[in-house]
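Remarks on the structure that follows.
Since we're looking at a predicted model, the values are computed, not measured.
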Amino acid sequence: MTTLITNIKELLQIRNENSTKVSGAEMAILPSIKNAFLLIENDLITDFGSMEKMPIREVDQIIDATGKIVLPSWCDSHTHIVYAGNREQEFVDRINGLTYEEIANRGGGILNSAQKLNETSEDELYSQSEQRLKEVIKLGTGAVEIKSGYGLTVEGELKMLRVIKKLAQNYPITIKATFLGAHAYPSLYKDNKEGYLDLIINKMLPEIAKEKLADFIDVFCETGYFSVAQTKKIIEAGLRYGLIPKIHVNQFNSIGGIQMGVKHKALSVDHLEIMNPEDVEALLHTETMPVALPSCSYFLSIPYTPARKMIAAGLPLALATDYNPGSTPSGNMNFVVATACIKMKMTPEEAINAATLNGAYAMGISTTHGSITIGKKANLIITKTLHSFYQLPYAFGSNLIDTVILDGKVYA
């Protein structure tokens, strides 16, 4: 099937095939073409340019985008979409003065979600997660990473990863799966942490590898959760099974997790609300993508990732939602982009680069996603009629998406 999008007010994020991420000052540059066309053949972008150079040819479908912006779909590289129930009561507890850590110490937080998940059937878990996935697709996300980590048992972690695999099979959105068994210590192992590490390494990982259920391995490397040494042990075990590291790090404290992650060629280090000069220095000139989660900072009222300091130092930065029941019950990448501009002082150009090309890099898919490039996936957002693309973060409370295209087809 061939689809031609015509009269595009502005076609954003046009790149050549060698562009897989942008860093530092380059993040402020968002290449575009005004009054443009874009040609899709099957599921790929095959041509684009200015309307005056549009070739005449037969197509199956024409979409008139007069007054509208076209850009690549959002690439959300950090989510926990597969979970059971909710944690609404904890939301109220925080309003009443309890901290995230205090809630966790009372058996809330991740352990609360783990209990709910292990009490929920795989079919019901799929049904709940499917609704969230459909929602984020309509909000413009065309690629998403989904983590396990609310099972904390062999059966629970496998159940989550099987649900992720089933979602990937049943929906046109690109999905990457991450094993996050090291999200917290289950109650059964609160006094036997080495025993839980043994369970992850010698029971969970072999089963996950056998069923080919994950692309990445992740660890919550933080004071009160998993130490740097424990994180190192887990990701090295994951690497032996071909799982690429991605690490939750520097959310509340800087404890050396970034340096360890870089040494082990982590694809991304995520959260980064607390960044010391040595953390920034450790990431320079590496292949590891820093990922900020601004809606988590918004929801928990914790510091925001210091984007300006990191970009000024020459680092790249990606943006993701952290969609989860406890600290970010939203998968809205449009809000993430707006919050990055409003609270982190990123320019719209930087934020869009961070939510598309750099987000794709943080998922290992920037050769196929994240930009308008011939040969890349035709996963696109067509906005409503806009004054300019600056309206996307400016009008932060409005849904400005008119049409979502996944795999070259309009998603209804």
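Around the CZ atom of Phe91, the shell of radius 6.0 Å holds no more than 12 heavy atoms that belong to other residues, nucleotides or ligands. No more than 12 heavy atoms of other residues, nucleotides or ligands sit less than 6.0 Å from atom NZ of Lys263. Crowding of Phe396 atom CZ: a count of heavy atoms from other residues, nucleotides or ligands under 6.0 Å not exceeding 12. Environment of NZ in Lys134: crowded, with over 12 heavy atoms of neighbouring residues, nucleotides or ligands closer than 6.0 Å. The 12-atom threshold is exceeded at NZ of Lys9, counting heavy atoms of other residues, nucleotides or ligands nearer than 6.0 Å. Within a 6.0 Å radius of NZ in Lys384, other residues, nucleotides and ligands contribute more than 12 heavy atoms. Enclosure of atom OH in Tyr298 is not indicated, since only 12 or fewer non-hydrogen atoms of other residues, nucleotides or ligands lie within 6.0 angstrom. Heavy atoms of other residues, nucleotides or ligands lying less than 6.0 angstrom from NZ of Lys116 number more than 12.
His80 places a side-chain heavy atom less than 4.5 Å from the side chain of His183. Inter-residue side-chain proximity for Val336 and Trp74 is flagged as unmet; no heavy-atom pair is nearer than 4.5 Å. The shortest distance between side-chain heavy atoms of Asn399 and Lys138 does not fall below 4.5 Å. Met1 is not listed as a side-chain neighbour of Glu41, based on a closest heavy-atom distance of 4.5 Å or more.
In this structure, Asp218 does not pair ionically with Lys246, as no charged nitrogen and carboxylate oxygen lie closer than 4.0 Å. In summary, Glu207 and Lys203 do not engage in a salt bridge, as defined by a charged side-chain N under 4.0 Å from a carboxylate O.
Side-chain polar atoms of Glu130 and Ser127 form no donor-acceptor pair below 3.5 angstrom. In the model, Glu155 has no side-chain atom that pairs as donor or acceptor with a side-chain atom of Asn118 under 3.5 Å. Residues Asp64 and Thr66 have side chains that bring a donor and an acceptor to within less than 3.5 angstrom of each other. For the residue pair Asn324 and Ser327, a side-chain donor N or O sits within less than 3.5 Å of a side-chain acceptor on the partner. A side-chain donor-acceptor contact under 3.5 Å links Tyr361 and Glu287. Looking at Asn353 and Gln13, their side chains do bring a donor and an acceptor atom within 3.5 Å of each other. For Asn35 and Glu10, the side-chain atoms include no donor-acceptor pair closer than 3.5 Å.
Applying side-chain contact (heavy atoms from CB on, under 4.5 Å) to Leu317 and the options Met289, Met310, Glu350 leaves one that passes, Met310. Of the listed residues (Arg15, Glu17, Lys376), just one forms a side-chain hydrogen bond (donor to acceptor under 3.5 Å, both in side chains) with Ser371, and that residue is Lys376.
Of the possible donor and acceptor atoms, one in the side chain of Asn379 sits under 3.5 Å from a partner among the backbone N and O of Gly142.
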Report task. Give the intermediate values and the outcome of salt bridge (charged side-chain N to carboxylate O under 4.0 Å, His left out) for residues Arg162 and Glu211. Result -> CA-CA 9 Å; Arg162 287 175 186 139; Glu211 294 188 40; 2.6 Å; yes
**Report entry** From CA spacing to verdict: side chain to side chain contact (heavy atoms under 4.5 Å, CB included), Asp43, Lys377
**Finding:** CA-CA 6 Å; Asp43 62 339; Lys377 275 274 189 186; 2.9 Å; yes
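Listed by chain and residue number, nothing satisfies the salt bridge (charged side-chain N to carboxylate O under 4.0 Å, His left out) test with Arg94 (two or more places apart in sequence, or in another chain).
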